[in-house]
Amino acid sequence: MRQLLIAVVLVSVLFSCGTPERHTYKPDYGVKIDYLNLPTSDMREMVNDSLIIVFYGSFVEDTFSVMINQKHFKDLILTTDERTGWSGDLKTIKYKDVESIGIRINNGNLIYIEPPRRHYNIQLLYLDDVATVSFHRRLPV
């Protein structure tokens with residue numbers, strides 16, 4: 001009986017001392033794409049001709065699958081710098097060649113983006129179970 005009690009205590013200790021708790025994202029997060037507030041006053045030329053996607057949020061080794069023109073482009077594993085909120089960025093193909101962008105966070109909902117004709121960089125911000133996509137002529141600071 002004493003050996004059984006020791007075994008039960010050991011098993012409960014093993015389960016309670018697992019990996020550190022991390023935020024897990026719902027696979028059905030909300031998606032908001034802000035096409036209405038496109039900045040039009042900044043007429044400066046873009047620094048380069050590639051599409052750049054910037055990720056902000058609270059991520060801990062979260063997986064992002066990125067598709068360009070409905071073809072797999074790249075998988076990323078991102079962790080946020082807690083001082084800045086910045087999680088990473090991705091330089092893709094020439095903007096003029098991008099017809100569609102698809103992003104999944106941890107195999108969640110597909111975030112489908114049809115980029116505007118004019119060249120913008122894209123920011124994906126994940127906050128309160130909503131992935132918000134916004135467009136910028138210059139990368140957000």
Results of side-chain contact (heavy atoms from CB on, under 4.5 Å) for K71 - residues two or more places apart only: none
Closest non-hydrogen atom pair, V133 against L124: CG2-CD1, 4.4 Å
OG-NZ distance between S50 and K94, expressed to the nearest 0.5 angstrom: 8.0 Å
Value rounded to 0.5 Å, distance of CD1 in I111 from CD1 in I122: 11.0 Å
Any donor-acceptor N/O pair, T92 side chain to L51 backbone, under 3.5 Å: yes
Selection residues 99-125 - residue pairs positive for ring-ring contact (aromatic ring centres under 6.0 Å, His included), sequence neighbours left out: Y95-H119
Contact check, side chains of E99 and Q70, non-hydrogen atoms, under 4.5 Å: no
Whether Y29 side chain and I105 backbone form a donor-acceptor pair below 3.5 Å: yes
Short side-chain to backbone donor-acceptor contact, N106 and T63, under 3.5 Å: yes
I93 reachable from M67 in the ILVMFWY side-chain graph, under 4.5 Å edges: no
Hphob cluster co-occupancy, F55 + V130, side-chain heavy atoms under 4.5 angstrom: no
Centroid-centroid under 6.0 Å between Y56 and Y126 rings: no
L38 reachable from I33 in the ILVMFWY side-chain graph, under 4.5 Å edges: yes
Side-chain donor or acceptor of N69 paired with backbone N/O of S100 under 3.5 Å: yes
For D49, side-chain hydrogen bond (donor to acceptor under 3.5 Å, both in side chains) partners two or more places apart: none
Flag side-chain contact, heavy atom, 4.5 Å: L90 against V66: yes
Side chain to side chain contact (heavy atoms under 4.5 Å, CB included) assessment of I53 paired with N121: CA-CA 6 Å; I53 304 172; N121 293 310; over 6 Å; no
Table please: side-chain donor-acceptor pairs of residues 73-82 below 3.5 Å, with sequence neighbours left out.
unit_1 : atom_1 : unit_2 : atom_2 : d
D75    : OD1    : S65    : OG     : 2.9
D75    : OD1    : H72    : NE2    : 3.1
D75    : OD2    : H72    : NE2    : 3.3
T79    : OG1    : E61    : N      : 2.9
T80    : OG1    : G57    : O      : 3.0
T80    : OG1    : F59    : N      : 2.8
T80    : OG1    : S87    : OG     : 2.7
D81    : OD1    : R83    : N      : 2.9
D81    : OD1    : R83    : NE     : 3.2
D81    : OD2    : R83    : NH2    : 3.0

Nearest heavy atoms of P115 and I113, plus distance in Å: CD-O, 3.5 Å
Flag side-chain contact, heavy atom, 4.5 Å: Q123 against T132: no
Separation between OG of S134 and CG of N37, rounded to the nearest 0.5 Å: 9.5 Å
Qualifying residues under ring pair (Phe, Tyr, Trp, His ring centres under 6.0 Å), relative to F135, sequence neighbours excluded: Y35
